[in-house]
Amino acid sequence: MTGARLQAAVQAEPFVAEALQAALLEPAAGAVVTFTGYVRAASDGAAVTALELEHYPGMTERSLLSILQQASSRWPLLAATVVHRVGWLPLGEPIVWVGSCASHRGDAFAACEFVMDYLKTDAPFWKKEHGPDGARWVESRATDAQRARRW
Amino acid sequence: MLTLQLRFFARVREELDCAALELPWQAELATLDELQHALAQRGEAWRRVLAQDNLIRAVNHTVADGDTALQPGDEIAFYPPVTGG
């Protein structure tokens with residue numbers, strides 16, 4: 001469907017999920033699906049106290065919008081939003097929020113998962129984990145590429 | 001002046017100790033592969049990092065392959081596989 005309301009943002013500040021969800025809702029909507037990703041305490045057995053998120057300003061926004069447009073061309077969406085944070089994010093902080101709004105839940109579920117899967121393989125963000133043992137760049141996972149390829 | 005703007009991110013930026021570089025555009029750097037080959041001559045770290053087979057390259061914010069022709073004013077980025085989300 002053309003004309004879906006698509007919004008992408010990259011920001012250091014926290015986001016307010018309730019406000020993002022409220023802004024996503026359309027009168028024709030029967031379903032809103034949202035996803036929030038958080039900084040977790042451990043990665044591959046190593047303790048994590050914070051993440052440092054780097055991105056490629058200019059390309060990041062374009063990449064996120066392109067992913068939303070692909071989702072919108074595959075499912076009849078009314079609206080979709082992605083917000084990704086950058087900078088220093090302590091344990092437990094939200095990193096990313098994706099919301100999709102459609103007439104029916106199947107389309108909203110699928111689009112939300114598609115956006116997250118493509119974000120993880122295409123959007124130029126990089127995570128560096130900080131913990132008691134120092135800092136290390138997160139390696140990309142083959143399972144992420146597999147998840148994106150199944151669409 | 002006609003230039004190429006180079007950007008480096010994450011692990012690649014750290015290993016090269018370089019976030020950005022401006023090079024004069026020249027006909028010898030006609031493609032992305034040729035630019036990468038020229039950069040690899042800058043020293044041992046450059047040779048090693050630019051030989052990594054999972055290196056991703058983008059021209060003007062779009063992922064590109066080695067045959068991509070370069071134009072004056074292009075912005076070219078080198079970075080490792082992405083890990084956001």
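Residue numbers start from 1 in every chain, and the chains themselves are labelled A, B, ... in the order their sequence lines are given, proteins ahead of strands.
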- Name the region of B:N54, side chain, backbone, both or neither, that has any atom closer than 4.5 Å to a heavy atom of chain A. neither
- Closest heavy-atom contact between B:H61 and A:M59? O-CG, 3.4 Å
- Task: For A:K120 and B:T83, indicate whether the former's side chain and the latter's backbone hold a donor-acceptor pair under 3.5 Å.
- Result: no
- Within a reach of under 6.0 Å around CZ of A:F15, are more than 12 heavy atoms found that belong to other residues, nucleotides or ligands? yes
- Message: Which atoms of A:E139 are under 4.5 Å from chain B, going by heavy atoms: the side chain, the backbone, both sets, or neither?
- Response: both
- Where the side chain of A:K128 meets the backbone of B:A10, is there a donor-acceptor pair that is under 3.5 Å apart? no
- Do A:Y56 and B:F8 belong together in a cluster built from hydrophobic side chains that touch within less than 4.5 Å? no
- Query: Any link between B:I56 and A:F125 through a network of hydrophobic side chains (Ile, Leu, Val, Met, Phe, Trp, Tyr) touching at under 4.5 Å?
  - Reply: no
- Message: Within the structure provided, determine whether A:W126 and B:R11 are in side-chain contact (heavy-atom separation under 4.5 Å).
- Response: no
- Write down the atom of B:V82, the atom of A:S140, and the distance for their closest heavy-atom approach. O-CB, 3.9 Å
- Message: Surrounding CZ of A:R141 (heavy atoms of other residues, nucleotides or ligands, distance under 6.0 Å), is the total greater than 12?
- Response: no
- Task: Examine B:F78 and B:W46 and state if one hydrophobic cluster contains both, with Ile, Leu, Val, Met, Phe, Trp and Tyr joined whenever side-chain heavy atoms are less than 4.5 Å apart.
- Result: yes
- Query: Non-hydrogen atoms of chain B under 4.5 Å away: do they reach the side chain of A:D122, the backbone, both or neither?
  - Reply: backbone
